[in-house]
There are 2 protein chains.
Amino acid sequence: MKKRTTIHDLAKQLSLDSSTVSRALRGSPLVKQKTKDIVNDLAIKLNYKPNRLASNLRSNKSNTIGVIVPRISRHFFSSAISGIEEEAYKKGYNILICQSQDKFKYESKNIDNLLHNRVDGLIISLSLETRDLSHFSELFESETPIVFFDRVPMNALEYRPIIKIVNDDEAISYNATTHLINQGCERIAYHSGPDSISIYNARLKGYYKALKKASIPILKNMIFYSNLMLKDGVDFARKILELKKLPDAIYSANDTTALSSMQYLKSQGIRIPQDIKMIGFSDEPASAMSDPTLTTVDQSGVEMGKVAVKKITDLIENREEMQLQSNQIITMNSTLIIRESSR
Amino acid sequence: MKKRTTIHDLAKQLSLDSSTVSRALRGSPLVKQKTKDIVNDLAIKLNYKPNRLASNLRSNKSNTIGVIVPRISRHFFSSAISGIEEEAYKKGYNILICQSQDKFKYESKNIDNLLHNRVDGLIISLSLETRDLSHFSELFESETPIVFFDRVPMNALEYRPIIKIVNDDEAISYNATTHLINQGCERIAYHSGPDSISIYNARLKGYYKALKKASIPILKNMIFYSNLMLKDGVDFARKILELKKLPDAIYSANDTTALSSMQYLKSQGIRIPQDIKMIGFSDEPASAMSDPTLTTVDQSGVEMGKVAVKKITDLIENREEMQLQSNQIITMNSTLIIRESSR
DNA sequence: TATTAAAATACAATCGATTGTATTTTAATA
DNA sequence: TATTAAAATACAATCGATTGTATTTTAATA
């Protein structure tokens, strides 16, 4: 590896001290303009690039934001990461991305690893298995700012201020269900994720509320729980077909299962939306490509990612003032995208 | 921020020198077992975590691999990143992920940024706009190992050894086309990406070869070029419908356009696969959900990502020997997934 | 021209770990 | 017990940048 130009090389060539060069490069008012000019000129000439490792060590700032998501390749998360990357790049931060694979164990390890790397802040969406925050204790102690998004802790954390960025899950879920009711549906089956997870809990609540508002009785045998994987959609559809009386609509808490349910139902001769109307959640690319195209909720992961970075950098850069604030919950607006499957 | 335990804290408490503590923690044979034990015990007790910034600075290794992809949220790339993350985590490396947004300008900036951060190696898939490697010159000079994957430079780089990981694009493209021919197709339209990009170039070649092999004349008006965005699929389908004689098959160089073409064709009353058979490329999740389901090529981005990390860490850790080797091209096997759209 | 304040620069310590080498301790041998 | 080699530990420098403070230079004023 070729030796890179350092601040000392510049200093020597210009018969200056490295401290003056350092200040000159960062535009400090303590340095004369003329000196700044000659330093900058030489820096460009010798292609000087500050060594981040060194400056980070000295300033005790890693200039890095840790990001933990369940799975990078899931569309919502890769969109969020995309937004995070864009915004972090703009603000001059690097991001360190880890995936928990929806396992509590990996999530713990990831947190540990990010602590090791002295990240300035953490943006995280919790794993399916996460029910408490015991594995955050060290992170809390180190006072690293944390922003939770999408899958956030269900309870407020009294002992330290925290930022949560969530979707308006309950409200949009209410809208989605109401949309089905407006289409004349009365028997609306619901496929939920684990209700220990904030988002699924909220979506379920919205569903309940809409039924209640419309005075439609809530039938417990129309509500199913799973981890919302592809095959769960098929299982769910099978169970639906075993019901004495078929539902006239199915609402699933994600698109993956909505689509796999749809596919199975179609294979069994059920017509969508004529026999059963369907709604999913998240607006996966596949949902615009299915036949019929799937009504769903656009969550805008990109935007959520950007907001998460804005918040975490606020926390990092104005630590004092921000820390004084109490828990903060930011709610993003999502949109119901009405497509063929519910018309 | 609470002060973290350092190697000096341990040293002081044990009346040892920091150098001995450092060696003890890393299991150096220069330190007595008993000393190692008491050091490790205290390290656990005080929850010591080595400061990576400091050790990286000293050892002049960032322990970080830079990753540049066109877009994080594209399924193939998020899968690749997922594989990269998994393997890098196993090997104790961090990854710094950037997206070029398929722009040459951003790709340059990303390279610059990663250089700043002194990454130990770079894994990259080139942007659509990248036609030469002029923006790599500094990286080459710094002798940072590089692994290209998927979209790789078209020409061998004589002046330095480089690893490329590619799909068997040409071969699988040949197979895909032959599959259509075997299904009785003779007029196979092809929707290509820019042929300045390695993968599209190779896929086109495979298509040509298969036609030649079957003595089917190559009709230039059946071949279209675009950037393969969603709307390009619609444009392509429109042009297809304007042809005096319709093709009996369409082969698209990615799934996104294959699916949007399919959707448009269906909306115009064309039956798939009865009137026109279709094949895409990449096995996006949507392709298993469309109606008909789309025949496509499974590229296994996850596996490619893992291999990329294995290769880059080989380069980083055995720099000398590896540098002696000449250019290396690793070809991954992909699979043709035959679904309804081509039967 | 001498004095003084302000501006510019240099000095020195530091961030936390690592590493070559010097020194001390321990164990082995005469 | 004295000598010597080996083992264990301490010392000191270093990675490259940053920052508080001391020193020098420059400019302003008497």
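In what follows, chains are A, B, ... by sequence order, proteins preceding strands, each numbered from 1. Computed from a predicted structure; not experimentally measured.
The side chain of B/Ser22 sits closest to C/dT18 out of C/dT18, C/dT9, D/dA10. The side chain of A/Thr6 has D/dG16 as its nearest neighbour among D/dG16, D/dT18, C/dA17.
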Scan nucleotides 20-24 of chain D against the protein and return all N/O pairs shorter than 3.5 Å with their distances rounded to 0.1 Å.
residue: D/dG20; atom: O6; partner: A/Arg23; partner atom: NH2; Å: 2.5

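As rounded to whole Å, 15 Å separates atom P of C/dG16 from atom CG of B/Leu25. Going from atom NZ of A/Lys61 over to atom P of D/dT19 covers 12 Å, rounded to whole Å. Rounded to whole Å, the distance from CG on A/Asn63 to P on D/dT18 is 11 Å. Distance, B/Lys36 NZ to D/dT9 P: 10 Å, rounded to whole Å. Residue B/Ile7 contributes atom CD1, which lies 15 Å from atom P of D/dT9 at whole-angstrom precision. At whole-Å resolution of the value, NZ in B/Lys12 and P in C/dG16 are 12 Å apart. At whole-Å resolution of the value, CG in A/Asp9 and P in D/dG16 are 8 Å apart. Counting to the nearest Å, the P atom of D/dT26 and the NZ atom of A/Lys34 are 10 Å from each other.
Side-chain contact annotation: A/Asn94 with B/Asn117, donor-acceptor N/O pair under 3.5 Å present. Side chains of B/Ser22 and B/Arg26: a donor-acceptor N/O pair is present below 3.5 angstrom, by distance only.
Note on B/Lys105 versus B/Glu129: no salt bridge recorded, every NZ/NE/NH1/NH2 to OD/OE distance being 4.0 Å or above.
For B/Asp37, the side chain to side chain contact (heavy atoms under 4.5 Å, CB included) test picks out B/Gln33, with sequence neighbours left out. Applying the side chain to side chain contact (heavy atoms under 4.5 Å, CB included) criterion to B/Ser137, with sequence neighbours excluded, gives no partner residue. Remark: A/Thr20 engages no residue in a side-chain hydrogen bond (donor to acceptor under 3.5 Å, both in side chains) (not counting sequence neighbours). Remark: B/Phe104 pairs with B/His135 by the ring pair (Phe, Tyr, Trp, His ring centres under 6.0 Å) rule, at least two apart or across chains. Residues meeting the ring pair (Phe, Tyr, Trp, His ring centres under 6.0 Å) test with B/Tyr106, sequence neighbours left out: none. By the salt bridge (charged side-chain N to carboxylate O under 4.0 Å, His left out) test, A/Arg23 pairs with no residue at all, sequence neighbours left out. Remark: A/Glu87 engages A/Lys90, A/Lys91, A/Lys306, A/Val309, A/Lys310 in a side chain to side chain contact (heavy atoms under 4.5 Å, CB included) (not counting sequence neighbours). Taking B/Ser79 as the reference, A/Ser73, B/His75, B/Val302 meet the side chain to side chain contact (heavy atoms under 4.5 Å, CB included) condition, with sequence neighbours excluded.
When heavy atoms are screened at a 4.0 angstrom cut-off, B/Ser15 is found touching the sugar-phosphate backbone but no base atom.
OP1 or OP2 of C/dT19 sits under 4.0 Å from a side-chain N or O of B/Arg26. Contact between the side-chain N/O atoms of B/Ser59 and the OP1/OP2 oxygens of C/dT18 is not found at any separation under 4.0 Å. Side-chain nitrogen and oxygen atoms of B/Thr35 include at least one within less than 4.0 Å of the OP1 or OP2 phosphate oxygen of D/dT9.
Listed by residue number, B/Leu57, B/Arg58 are the residues of residues 38-58 of chain B with a heavy-atom contact under 4.0 Å to DNA chain D.
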Open item on the list: What does the 5'-to-3' dot-bracket notation of DNA chain C look like when only Watson-Crick and G-U wobble pairs under 3.5 Å count, and pairs to other strands show as |?
Closed with: ||||||||||||||||||||||||||||||
Could you list the donor-acceptor pairs under 3.5 angstrom formed by side chains in residues 7-18 of chain B, with sequence neighbours left out?
residue: B/Asp9; atom: OD2; partner: B/Thr6; partner atom: N; Å: 2.8
residue: B/Asp17; atom: OD2; partner: B/Ser19; partner atom: N; Å: 2.9
residue: B/Asp17; atom: OD2; partner: B/Ser19; partner atom: OG; Å: 2.7

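Toward the 5' end of DNA chain D, the nearer of the two residues A/Asp17 and A/Lys32, judged by each one's closest nucleotide, is A/Asp17.
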